[in-house]
Novice: 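Structure below; questions to follow.
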Number of protein chains: 2
Amino acid sequence: MKPKLTLKQIARELDVSISTVSKALRDSSEIGEETRKKIKAFAKLYNYRPNNIALSLKNRKTKTIGIIIPEIVHYFFTTVISGVEQVANEMGYNVIVCLSNNSFDKEVLNLEMLANGSTDGFILSMAKETMQKEDYHHLTEVTNQGMPVVLFDRVVDEIHCDKVIIDDVLGAKKAVQYLLDKGSKKIGLVSTVDYVSVGKLRTRGYLEVLRENNVEIDDKLILKIEDMDNSETEIKDFIDKNEVDAVFAVNEHFAIYAIKAIQEKGLKVPEDVSVIGFTDGELSKRFIPSLTTVSQHGERMGAEAARLLIDKLERKPEEEESYRTVIVETNLIERNSTKL
Amino acid sequence: MKPKLTLKQIARELDVSISTVSKALRDSSEIGEETRKKIKAFAKLYNYRPNNIALSLKNRKTKTIGIIIPEIVHYFFTTVISGVEQVANEMGYNVIVCLSNNSFDKEVLNLEMLANGSTDGFILSMAKETMQKEDYHHLTEVTNQGMPVVLFDRVVDEIHCDKVIIDDVLGAKKAVQYLLDKGSKKIGLVSTVDYVSVGKLRTRGYLEVLRENNVEIDDKLILKIEDMDNSETEIKDFIDKNEVDAVFAVNEHFAIYAIKAIQEKGLKVPEDVSVIGFTDGELSKRFIPSLTTVSQHGERMGAEAARLLIDKLERKPEEEESYRTVIVETNLIERNSTKL
DNA sequence: TTTCAACACTCAAACGTTTGCGCAAAATAC
DNA sequence: GTATTTTGCGCAAACGTTTGAGTGTTGAAA
């Protein structure tokens, strides 16, 4: 058990000063050829690596970015992390992951914890509770201290920072237009309550397309789930009571609950009813029938977010502030839950 | 944009020395009542928080643990992270997540990166490539430096450290015994090649139970998948060619490919053929029919791993070294892919 | 021989903390 | 009034780096 080599030890061992060692290892011209070689050889032999913490303190940057997400046991978020990680690692950054579990308090705690020197900046998707409370002081505080923040997916206008989102309205429009094009007339919508921004936006897309195509909007065909834990039975009720020839669901789970309900009603997917989901996860790919979905490209979002953040971090302070919002395109992935 | 308060600034502002500020904030009896109150009030007002990096350097501990996993877009690993995070946060630790993408080189890189002061210890599940190469020098090097490591799931005997695993043999035995109890006679096995330790162990469990029950072992009923990318067609072939009344698959995906193949063959699950999987993920729960599986309790494994690690970290150095292996129990979760 | 630049190296400060020790002034004891 | 203790605070070192300024030695130019 050898406790990690430091510059000081090398210096003592080789009978030179600490700064000589440091400079030799960084190929400074101040150090003579011979000494430099000797020091480098020694360092290599004993596998010297500079201490990151000391470097962080000196340079006032940690080369670490924090990512705070509502939950990790969730396909979309894992793909985002994956994207962040890839770009971050390429650029020599580490990634600290924290979970808010959709709790406002834990989000605040995590942010405070990491803001005290542990990370250079944040990538964050807001907790549901935070969006309900509309309390963003913890975020503004962090940005006020000069730490860059990139928001993704769950985003609010009140916070001035870089953002990475998808065009939820457009994504929904693509999906519903597709259903109309395939001949569907009565398209049901399974969405969430409006304070969840994505639910609201996707609902708007649904409504817009119907209007653009002069299809009458029937409020009875719109279901807004309040209680996530009870979504399965709510959806079953909805399907049982209404006659639809297509369903657009704002996420994977709602989509497969809809399919279950439709099948239990004695109808077939996609022959009798087409179903489209949102967010392309494991479930969509493997389910039988596999789901036609609007893909959300989490990995790309993560990569974009990381790029935005690192850009800010490595920019000279002279350059003026400006905030960008990157919109990642959605695609409709055609599979077997919609008729051809 | 105010750039973060330090002890030095408080000291200057209040016209006392840095050490006085530090001591006052830590309620040292050396500091007079009045000064202490004044300093505390000031610190509170301007929301002083000690700099973590400086503390890390001073205390030679970071209160951060690193977790390196083969991939994150994978239900089991996310549940593990979730478990680690929970315990770590409770104990005041942060979690750095790194992905090896099953690559030996990236595992080494990540480990080196984090070992230079960024973390106090590691929780790790080995990359597939590492297990093939059987090269563990990067791990032994880290443990030699006195950094605790906890291995989970993919584990090897060669490395001396704490471990968290499930009893794969027993889990498999439970599953196969269950099938036998329900009257299955010809039980197929869909496993992986033997260098993946879990595949080997689960296969052993399958074989043991059959022997214990005096059921003849038919090698034709055992499929070992070589190429993961081609698993679906391999499984389809296997099901088409063999007559089985039950299938035990060593993971979720294999299980649902088996179900697909069975259904395409014109048979019904579970009426004609029962299927049991391993690892309880999203897919198992939502698939139709939902899957009977051996649950792996990732969250519990993560929590155990975190506890083991933090235990080591906070133990006095005098106490002697000893390594524990925690075996997390598996349960059979009965759902709809097996007959009642 | 003196002067001065070039060379090769060391010193010391800084990043933000914590903490043992020293020291002055005030409070107490004699 | 002096001697001693107590109180309240500051100094400086340490954690492991980097880096500008300083220093001593050499060799060559004047």
Side-chain angles (χ1 to χ4, degrees), chain A residues 2-40 42-43 46-64 113-120 145-146, chain B residues 2-40 42-43 46-64 113-120 145-146:
Chain A
K2 28 161 198 185
K4 263 270 151 198
L5 200 55
T6 68
L7 288 184
K8 192 191 275 195
Q9 292 168 43
I10 302 183
R12 198 186 314 131
E13 211 68 40
L14 262 41
D15 213 39
V16 291
S17 78
I18 295 180
S19 36
T20 304
V21 179
S22 173
K23 285 173 180 166
L25 292 176
R26 325 192 89 238
D27 280 321
S28 159
S29 61
E30 288 181 60
I31 307 299
E33 171 93 15
E34 205 177 335
T35 339
R36 198 191 325 152
K37 278 193 175 160
K38 185 178 64 178
I39 292 175
K40 283 193 148 190
F42 188 92
Y46 291 102
N47 195 30
Y48 168 78
R49 294 270 180 277
N51 180 306
N52 285 331
I53 296 292
L55 285 178
S56 296
L57 185 58
K58 181 118 238 303
N59 303 329
R60 279 112 139 284
K61 55 171 84 172
T62 60
K63 285 277 191 176
T64 301
M113 197 159 185
L114 296 185
N116 297 318
S118 301
T119 63
D120 296 338
Q145 277 169 28
Chain B
K2 30 164 196 184
K4 262 272 151 199
L5 200 56
T6 68
L7 288 184
K8 193 191 276 195
Q9 293 167 43
I10 302 183
R12 198 186 314 129
E13 212 66 41
L14 262 40
D15 213 39
V16 292
S17 78
I18 296 180
S19 38
T20 304
V21 179
S22 174
K23 285 171 182 166
L25 292 176
R26 325 193 90 240
D27 280 320
S28 159
S29 60
E30 286 182 58
I31 306 300
E33 172 93 14
E34 205 178 334
T35 340
R36 197 189 329 152
K37 278 194 175 156
K38 185 178 64 178
I39 292 175
K40 284 194 147 190
F42 188 93
Y46 291 102
N47 194 32
Y48 168 77
R49 294 270 180 279
N51 179 308
N52 285 331
I53 295 293
L55 285 178
S56 295
L57 185 58
K58 181 123 237 312
N59 303 330
R60 279 115 137 274
K61 55 170 83 171
T62 61
K63 286 278 192 174
T64 302
M113 195 157 185
L114 296 185
N116 297 318
S118 302
T119 63
D120 297 339
Q145 277 169 29

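Nothing here was measured: the structure is a model prediction, and the numbers come from that model.
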Novice: Once you round to the nearest 0.5 Å, how far does CG of A/Leu25 lie from CG of A/Leu7?
Specialist: 6.5 Å
Novice: Taking NZ from B/Lys58 and P from C/dT19, how many angstroms apart are they, rounded to a whole number?
Specialist: 7 Å
Novice: Under 3.5 Å, which N/O atoms of the protein pair with N/O atoms of nucleotides 5-8 of chain D?
Specialist:
none

Novice: A/Arg60 CZ to C/dT17 C1': how many Å, rounded?
Specialist: 14 Å
Novice: Using whole Å, report how far OH of B/Tyr48 lies from P of C/dG16.
Specialist: 10 Å
Novice: Rounded off to whole Å, could you give me the NZ-to-P distance for the A/Lys23 and D/dA21 pair?
Specialist: 11 Å
Novice: Whether the A/Asn51 and A/Lys4 side chains hold a donor-acceptor pair (N or O, under 3.5 Å, no angle test) is what I'd like checked.
Specialist: no
Novice: One thing to verify: whether B/Glu34 and B/Lys38 come together as a salt bridge, which I'm taking to mean a side-chain N less than 4.0 angstrom from a carboxylate O.
Specialist: no
Novice: Could you check B/Asp15 against A/Pro50 and say which one's nearest nucleotide on DNA chain D is further toward the 5' end?
Specialist: B/Asp15
Novice: Determine yes or no for a side-chain-to-main-chain donor-acceptor pair under 3.5 angstrom, with B/Ser19 supplying the side chain and B/Ser17 the backbone.
Specialist: no
Novice: Can you check whether B/Lys8 has a side-chain N or O nearer than 4.0 Å to OP1 or OP2 of C/dC15?
Specialist: yes
Novice: How many whole angstroms separate atom CG of A/Asn59 from atom P of C/dG16?
Specialist: 12 Å
Novice: Between OG of A/Ser56 and CG of B/Asn52, what distance do you get to the nearest 0.5 Å?
Specialist: 11.0 Å
Novice: In whole angstroms, how far is the P atom of D/dT19 from the CG atom of A/Asp27?
Specialist: 13 Å
Novice: Could you give the distance from CG (A/Leu5) to OH (A/Tyr48), rounded to the nearest 0.5 Å?
Specialist: 7.5 Å
Novice: Indicate, with a heavy-atom threshold strictly under 4.0 Å, whether B/Ser22 touches base, sugar-phosphate, or nothing.
Specialist: base
Novice: First locate atom CG of B/Asp15, then atom CD of B/Glu13, and finally report the distance between them rounded to the nearest 0.5 Å.
Specialist: 10.0 Å
Novice: Whole angstroms only, please: what is the CG-P distance between B/Leu7 and D/dA14?
Specialist: 20 Å
Novice: Does A/Ser19 make a side-chain donor-acceptor contact with the base of C/dC11, cut-off 3.5 Å?
Specialist: yes
Novice: Has A/Arg26 got a side-chain N or O lying under 4.0 Å from the OP1 or OP2 atom of D/dT19?
Specialist: yes
Novice: Taking NZ from A/Lys37 and P from C/dC9, how many angstroms apart are they, rounded to a whole number?
Specialist: 14 Å
